[in-house]
Asks: 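So that we are looking at the same thing, I have put the structure below in structure tokens.
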Protein chains: 2
Amino acid sequence: MRARDGDDSVSVSGSALGYALLSLLTRGPATGYQLTQRMKSPIGHFWTAQHSQIYPELARLAAAGWVEAAEGDGPGPRQKKTYTLTPDGLAALREWLPRPPVVAPRSETVLKAYAANSADPAAMADLYGGIAARQRSLLDEWTREAAMLRDAGHDDPAHPGFGNYAVLLMGIESARSTAAWADWLVTCLRTGRAVGFGDPIPSGA
Amino acid sequence: MRARDGDDSVSVSGSALGYALLSLLTRGPATGYQLTQRMKSPIGHFWTAQHSQIYPELARLAAAGWVEAAEGDGPGPRQKKTYTLTPDGLAALREWLPRPPVVAPRSETVLKAYAANSADPAAMADLYGGIAARQRSLLDEWTREAAMLRDAGHDDPAHPGFGNYAVLLMGIESARSTAAWADWLVTCLRTGRAVGFGDPIPSGA
DNA sequence: AGTTGACATGTCAGAAGTTACATAGTGAGG
DNA sequence: CCTCACTATGTAACTTCTGACATGTCAACT
């Protein structure tokens, strides 16, 4: 499945996680621990991984020659390893990037809406009210973050931080849509009547 | 993990897939094959499963007493089983629905944008141009579908088809956001300059 | 002096999900 | 007559992901 030593001819194919780690390493060398942190924001809103998945994957990437580890003394009993993207790794990433992505959406939030009228409308309204509130708070936070990045020039496609900015914008769009949809759902569930999407929310009536 | 015969006291916890199948069965009895089809639209845009996952899960649900199988002759060598949601199954679903959903977003599309400036801008612009086009065609299709459902009264929260309508609306919102974002990305990548989100797209200039 | 949290790396068991294999009847179209 | 697509149910091998276990240092706070 992945290249072994002296097996250069085989087309080396990585998992999405592998490419995610390579992407993170384009931001500079890092330890597995730092990659775990770096994955949290902003890409974490669209791609997550635990350290228990990251460490073995880094070992595989190193075996494939896509990353290189510099060892040093760590705080614990083991060696601390700082990984760097190799030219081969960058080439692999560049080859993977323009390929059409695998679309595999999975949202428990929407799944629950699918069965919404099997449950108590008031309870479901509360659920989606909470979801809308959380999405709006994320929206606020990310909007402020995006403004800062824009001021720092990250909206320039040539800026190394452009990817972060792009992800943040998608996060904002996604939060906005979800909040608007959840608001509509809440209004439907609370009034018990058909409501047009985007119709004004009847306030305290 | 799941209840066995005569083990009623244990809190029976299901997987998200199990609840997805229960949700599908609120639309009426179905075979595993029919559930596989039923899952494709519209909930398939936010939750998918292969038949190889569905058949064993149905067996587990039956063992837990959440669904009941009526056997009959099938086209192949095996018995055809038509599953029905039991009162216990509906109760379990109703208990699960209002609980806060697990949020686990995963989008290769956004992941690739995160590393966009490691690749050839023209290739990435093509990629996101294609994505925007596909999202717009889905948007068209779903908008027409939603209009039909609305005419059929599915926008009434009491209508059994309300869940389908709600999922479709989220699909529409999601496609709209993604298309707008992809358009912005394409403009950035093609012009090579900072572009405001929502700014008019320079046409053939 | 003791606790908590951050830094740092790993393993293991199990759950969840994908792909391919296996079987077989019916009806439509070429 | 043959092939293809649809209906229908399952298994097996494999990959991916989560959650828990395991270890140990250092700095800050109580």
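Just so we're on the same page: letters track the sequence lines, and every chain starts at 1.
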Asks: For the side chain of B/Tyr19 and the backbone of A/Glu108, is there at least one donor-acceptor N/O pair under 3.5 Å apart?
Replies: no
Asks: When you get a sec, tell me which of D/dG10, C/dT19, D/dG19 is the closest nucleotide to the side chain of B/Ser52?
Replies: C/dT19
Asks: Indicate whether OP1 or OP2 belonging to C/dG10 is found under 4.0 Å from a side-chain N or O atom of A/Tyr55.
Replies: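 No, outside the criterion.
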Asks: Please state how far atom NZ in B/Lys40 lies from atom C1' in D/dT7, giving the value in whole angstrom units.
Replies: 12 Å
Asks: Rounding to a whole Å, what distance do you find between A/Gln37:CD and C/dG5:C1'?
Replies: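 Result: 12 Å.
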Asks: To the nearest Å, how far apart are B/Leu21 CG and C/dG17 P?
Replies: 11 Å
Asks: Looking at residues at least two apart in the chain, or sitting in another chain, which of them share a side-chain contact (heavy atoms from CB on, under 4.5 Å) with B/Asn117?
Replies: A/Phe162
Asks: Distance check needed: C/dA8 C1' versus A/Arg38 CZ, whole Å only.
Replies: 15 Å
Asks: Please determine whether a side-chain nitrogen or oxygen atom of B/Gln53 lies at a distance below 4.0 Å from atom OP1 or OP2 of C/dG17.
Replies: yes
Asks: Could you check which residues of residues 69-79 of chain B get a heavy atom under 4.0 Å from DNA chain D? Sort them by number, please.
Replies: B/Pro75, B/Arg78, B/Gln79
Asks: Starting at the 5' end of DNA chain D, which residue's closest nucleotide do you reach first, B/Ala104 or B/Pro56?
Replies: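 The residue whose closest nucleotide sits nearer the 5' end is B/Pro56.
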Asks: Are B/Tyr33 and D/dT9 close enough that a side-chain N or O sits under 4.0 Å from OP1 or OP2?
Replies: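 For D/dT9, neither OP1 nor OP2 has a side-chain N or O of B/Tyr33 closer than 4.0 Å.
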Asks: In whole Å, what is the span from the CD atom of A/Glu108 to the P atom of D/dT18?
Replies: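 One finds 13 Å between P of D/dT18 and CD of A/Glu108, rounded.
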Asks: Verify the contact: side-chain N or O of A/Arg106 to OP1 or OP2 of C/dA16, cut-off strictly under 4.0 Å; return yes or no.
Replies: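 The answer is no; no side-chain N or O of A/Arg106 sits under 4.0 Å from OP1 or OP2.
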Asks: Tell me the interatomic distance from B/Gln50, atom CD, to D/dT9, atom C1', rounded to whole angstroms.
Replies: 15 Å
Asks: Give the rounded distance in Å between these two atoms: CD of B/Gln34 and P of D/dT7.
Replies: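 Those two atoms, CD and P, are 9 Å apart.
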Asks: Are B/Trp181 and B/Phe197 close enough that their ring centres sit under 6.0 Å apart?
Replies: no
Asks: Expressed in angstrom and rounded to an integer, what is the separation of A/His51 atom NE2 from D/dA22 atom C1'?
Replies: 10 Å
Asks: Looking only at the side chain of B/Lys80 (C-beta and beyond, no hydrogens), which of the listed nucleotides C/dG10, D/dT11, D/dA8 gets closest?
Replies: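 Nearest listed nucleotide: D/dA8.
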Asks: Got a donor-acceptor contact below 3.5 angstrom from the B/Thr86 side chain to the B/Gly65 backbone?
Replies: yes
Asks: So, A/Ser118 and B/Arg94: side-chain donor and acceptor under 3.5 Å apart, yes or no?
Replies: no
Asks: For atom CD of A/Gln34, is the number of surrounding heavy atoms from other residues, nucleotides or ligands below 6.0 Å larger than 12?
Replies: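 Enclosed: over 12 neighbouring heavy atoms sit under 6.0 Å from CD of A/Gln34.
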Asks: Under the criterion side-chain contact (heavy atoms from CB on, under 4.5 Å), I'd like the reasoning laid out for B/Leu189 against B/Val186: C-alpha separation, chi angles, the key distance, then a yes or no.
Replies: CA-CA 5 Å; B/Leu189 293 166; B/Val186 169; 5.8 Å; no
Asks: Reckon A/Thr31 has a side-chain N or O less than 4.0 Å from the OP1 or OP2 of C/dC7?
Replies: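 For C/dC7, OP1/OP2 do not have a side-chain N/O of A/Thr31 under 4.0 Å.
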